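Quick caveat, the model's predicted, so the values are computed rather than measured. Chain letters run A, B, ... following the sequence lines, proteins first and then strands; every chain starts at 1.
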Amino acid sequence: MRQKVKEAVGAAIETMLLSAGGEKSPPPAVSVEVPPEEKFGDFSTNAAMVSAKIFKKSPLKLAEELASALRADPLFESVAVAPPGFINLVVKKSEWTDEFRGIPDDNSEYGKLPAREGEKVLVEFVSANPTGPLHIGHGRGAAVGDAIARLLKKAGYDVAAEYYTNDTGLQMENLGRSTLVRYKQRFGQDVPFPENGYQGEYINDIAKRVADVHGDKFLHSAEADALPFFSSFTGEVILDDIKADLDRFRVRFDVWTSERAFHASGAVEGALNSLLAAGMIYENEGALWLKSKELADDEKDRVVKRTSGATTYLAADIAYHADKYKRGFTKIIDVWGADHHGYVARMKAAVKALGRDPDSLQPILIQIVSLKKDGQIVAMSTRSGKFTTLKEVLDEVGVDAARFTFLTRSHDAQLEFDLDLTKRQTSDNPVYYVQYAHARISNIFVQHQNAGNTSRGIPDWTLCNEDEVSLMKKCLAFPDLVEDSAKGLAPHMLTHYLVELANMFHKYYHASRVITPDAALTATRLALVARVRTVVKNGLELLGVSAPEKM
RNA sequence: GCGCCCGUAGCUCAGCUGGAUAGAGCACCGGAUUUCUAAUCCGUAGGUCGUGGGUUCGAGUCCCGCCGGGCGCACCA
């Protein structure tokens, strides 16, 4: 509906431009939005205010002229002008009910926007190093990344979700050494634990598995011989756990990429060489540097190959992003932890060096999650083994509550996750509020069937009262929410919308009975709530939250 | 010291790319169910949008200074 109104307003402006004698400036950025209060109408537009300069008229006068043009449009019931120049539009009730009828009773496709030709989006997220279990911060990134991928798909983009594994390098060595030492300690050897080793209990478990399968086979071999096995074995075990956690969290990836593979295939060397040839990388003091300062106004140039000859993490990431573009993606979204924000400039520089538009790379920084437990903030660090794992959180509060909570906040606001509250809150948590709306509607149909009805009857939309039309309007905004939250990469907008919709429904449920003695009225209301349920269900689906029939 | 994010009700947070009288949940207090699930609904109360300037028809939103909190500033990842 918003789209229809937009077109009507756009057409009115265009007509005025023509009659005013000309294609002057391009049409300004006119916005059509749902006003803050119902008394201002269904939609309002700032058209007159933003184009007052072009027409060289006062906003109020221009608004009057546009309004009289819009009054001729059969779409509108009424058109009003309010100072300082808003045009408030009320759409005919029959237009609303006609469009509302078009929402399927029960169809997961509703809200899907037309496919966008030539747009291929890659969303890379989580991408946690396989050095330890996922913690709550990863959980937030997972929920947000997954919801963004779902939203973009719904908004018509061709989307792939991807996880990049840093399965090589110093940290992996460090990880392998940690397991190796634990392994030796199991056999009674007095070996000191590495200073920067991973101290988590899970390392012990993995050491035990090695001992169970291989006995003391590695006890006397040199560290250099044993380490590769311990590194890759530990990494694999942990990655399997990560995959299991993500699966339980309803996060799916289309592709798993491996840093090691980029090294093995020569892609890293290849990328460096071509950038060297292009003059984007230079040598200094025995190392290779990316001109990130010049390319993206980074604080300084960044090393991609050390004097030791070893490449840096950035080098692999350059090769990785070159690969992303080669695979035909036109938009690349990287979901990172906020502690990586210093990485944005150099990555943009890398993209530019590769000859791509830096704006096509869009890093999303997920702010810190602080966990509150027993009224206290819990500090977290993977290496020290002190953290609350995603698994623990899911065990306590459940997948639905965890996902919903993560998706209630904007990704760039810090989030305090109060474990006790979220757990205890089972009756008041917004997630249950929304789910309850779905369950309530479902139960209405159970009741209707229990009464011996086999058909829902034929709705008569002229019977709808004001509350019902309001509910319809809210439902019909769903595609707009898909569009807006996809465009803004902001799933929390959808979350808040669902709470509002659930609120409207609960109010309606309390005020009006759906099943009544009047057959036509019942049929109409059944048709209404069936569509409300479709929207709630589809909305929750985009957040990755279940829509139960019963609660 | 430099850079990024944040500062909105007692608490946790929305406020959609500048729009009309700043919202929701929790907590507190008071009410509502003979009828489709009370995990619900209705009502009261709660604010100098950290602070001081600036930009314009109009600022919680944009710009600058300051205060406070978080995160970064590697030939680590």
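Closest to the side chain of A:Q171, out of B:rC36, B:rG19, B:rA77, is B:rA77. Comparing atom distances between the A:H492 side chain and each of B:rG15, B:rC5, B:rC36 picks out B:rG15 as nearest. With distances taken from any side-chain atom of A:F86 to the nucleotides B:rG15, B:rC5, B:rG19, the minimum falls on B:rG19. Each of B:rA77, B:rC75, B:rC6 was ranked by its minimum atom distance to the side chain of A:V303; first place goes to B:rC75. Ranking B:rG72, B:rC5, B:rC42 by closeness to the A:D412 side chain, first place goes to B:rC5. Of the listed nucleotides (B:rG19, B:rA77, B:rU40), B:rU40 has the atom at the smallest distance from the side chain of A:H506. For A:S44, counting side-chain heavy atoms from C-beta on, the closest listed nucleotide (B:rC75, B:rA20, B:rC71) is B:rA20. Side-chain proximity of A:Y432 to B:rA39, B:rA77, B:rA32: nearest is B:rA39.
A:F445 comes within 4.0 angstrom of no nucleic acid atom, judged by non-hydrogen atoms across all strands. At the heavy-atom level, A:A287 lies under 4.0 Å from base atoms of the strands shown. Nucleic acid contact for A:A439: base, since at least one base atom lies under 4.0 Å from a heavy atom of the residue. Here A:D484 lies in heavy-atom contact (under 4.0 Å) with a base. When heavy atoms are screened at a 4.0 angstrom cut-off, A:A82 is found touching base atoms of the nucleic acid. Among the atoms of the strands shown, base atoms are found under 4.0 Å from some heavy atom of A:S512. Using a 4.0 Å heavy-atom criterion, one finds that A:N503 contacts the sugar-phosphate atoms exclusively. Nucleic acid contact class of A:D480 (heavy atoms, under 4.0 Å, all strands): none. At a threshold of 4.0 angstrom between heavy atoms, the contacts of A:L415 are confined to the sugar-phosphate backbone, with no base atom among them. Counting any heavy atom pair closer than 4.0 Å across all strands shown, A:T312 reaches sugar-phosphate atoms only and no base atom. If you check every strand for non-hydrogen atoms under 4.0 Å, A:E285 touches a base. Heavy atoms of A:R440 sit under 4.0 angstrom from primed sugar atoms or phosphate atoms, though from no base atom. If you check every strand for non-hydrogen atoms under 4.0 Å, A:E416 touches sugar and phosphate atoms only.
Ion pairing of A:R409 with A:E416 is absent here, as no side-chain N (NZ or NE/NH1/NH2) approaches a carboxylate O to less than 4.0 Å. The pair A:E299-A:K293 does not meet the salt-bridge criterion, since no charged nitrogen lies less than 4.0 angstrom from a carboxylate oxygen. Classification of A:K324 and A:E124 as a salt-bridged pair holds, one side-chain N sitting under 4.0 Å from a carboxylate O.
With both ends at atom C1', the span from B:rG68 to B:rG54 equals 23 Å, rounded to whole Å. A distance of about 12 Å separates the P atoms of B:rG7 and B:rU12, rounded to the whole Å. Look at the P atom in both B:rA22 and B:rU61: the space between them is 14 Å, to the nearest Å. B:rG47 sits 15 Å from B:rG15 when the C1' atoms are compared, rounded to a whole Å. Rounded to whole Å, the P atom of B:rC66 lies 23 Å from the corresponding atom of B:rG60. Taking the P atoms as reference points, B:rG25 lies 38 Å from B:rC67, given to the whole Å. Comparing B:rU17 with B:rC76, their C1' atoms are spaced 37 Å from each other, to the whole Å. Annotation: B:rU40 and B:rU48 have their P atoms spaced 31 Å apart (nearest Å).
Around CG of A:D297, the count of heavy atoms belonging to other residues, nucleotides or ligands within 6.0 Å does not exceed 12. Atom NZ of A:K473 has more than 12 neighbouring heavy atoms from other residues, nucleotides or ligands inside a 6.0 Å radius.
Contact check, A:Y433 against B:rC41: a side-chain N or O comes under 4.0 Å of OP1 or OP2. Within the 4.0 Å cut-off from OP1 or OP2 of B:rC76, not a single side-chain nitrogen or oxygen of A:R302 is found. A sub-4.0 Å separation between OP1 or OP2 of B:rU17 and a side-chain N or O of A:K487 is absent. Within the 4.0 Å cut-off from OP1 or OP2 of B:rC75, not a single side-chain nitrogen or oxygen of A:N284 is found. Contact between the side-chain N/O atoms of A:H340 and the OP1/OP2 oxygens of B:rC4 is not found at any separation under 4.0 Å.
Between the base of B:rG3 and the side chain of A:H341 there is a donor-acceptor pair shorter than 3.5 Å. Side-chain N/O atoms of A:N174 and base N/O atoms of B:rA77 include no donor-acceptor pair closer than 3.5 Å.
Residues A:A502 and A:K372 both approach RNA chain B. Their nearest nucleotides, taken by heavy-atom distance, put A:K372 toward the 5′ side. Residue-to-nucleotide proximity on RNA chain B shows that, of A:Q367 and A:M49, the 5′-proximal contact is made by A:Q367.
A:H510 has its NE2 atom 6 Å from the C1' atom of B:rA32, to the nearest Å. Note: NZ (A:K507) to C1' (B:rC36) measures 20 Å, nearest angstrom.
Contact between A:G337 and A:L365 at its shortest, heavy atoms only, is O-CD2, 3.9 Å.
Of the candidates A:H496, A:H506, A:K474, A:K474 is the only one forming a side-chain contact (heavy atoms from CB on, under 4.5 Å) with A:L501. Between A:S442 and the choices A:K537, A:K550, A:R533, the side chain to side chain donor-acceptor pair (under 3.5 Å) rule is met once, by A:R533.
In this structure the side chain of A:L239 reaches within 4.5 angstrom of the side chain of A:W256, judged on heavy atoms. Using a 4.5 Å heavy-atom threshold, the side chains of A:Y198 and A:Q171 count as touching.
The aromatic rings of A:Y343 and A:H340 stand perpendicular to each other, their planes meeting at an angle above 60°, with 30° marking the opposite boundary.
Shown for residues 290-301 of chain A: residues whose heavy atoms fall under 4.0 angstrom of RNA chain B, namely A:E299, A:K300. Within residues 403-410 of chain A, the residues approached by RNA chain B to less than 4.0 Å at the level of any non-hydrogen atom are A:R409, A:S410, in residue-number order.
The cationic atom of A:R456 (NZ for Lys, CZ for Arg) lies less than 6.0 Å from the six-membered ring centre of A:F445 and within 45° of the ring axis.
Residues passing the side chain to side chain contact (heavy atoms under 4.5 Å, CB included) test with A:D359 are A:K348, A:D357, sequence neighbours excluded. Scored by the ring-ring contact (aromatic ring centres under 6.0 Å, His included) test, A:Y164 finds A:Y320 as partners (sequence neighbours excluded).
When base pairs are accepted only as Watson-Crick or G-U wobble with both N-N or N-O distances under 3.5 Å, RNA chain B takes part in stems of 3 or more pairs at B:1-7 with B:67-73, B:10-13 with B:23-26, B:29-32 with B:40-43, B:50-54 with B:62-66.
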Distance-only donor-acceptor pairs under 3.5 Å for side chains of residues 477-489 of chain A, two or more places apart:
{"unit_1": "A:D484", "atom_1": "OD1", "unit_2": "A:R2", "atom_2": "NH2", "d": "3.2"}
{"unit_1": "A:D484", "atom_1": "OD2", "unit_2": "A:R2", "atom_2": "NH1", "d": "3.0"}
{"unit_1": "A:S485", "atom_1": "OG", "unit_2": "A:L481", "atom_2": "O", "d": "2.5"}

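Residues A:F404 and A:Y432 place their aromatic rings such that the two centres sit no closer than 6.0 Å.
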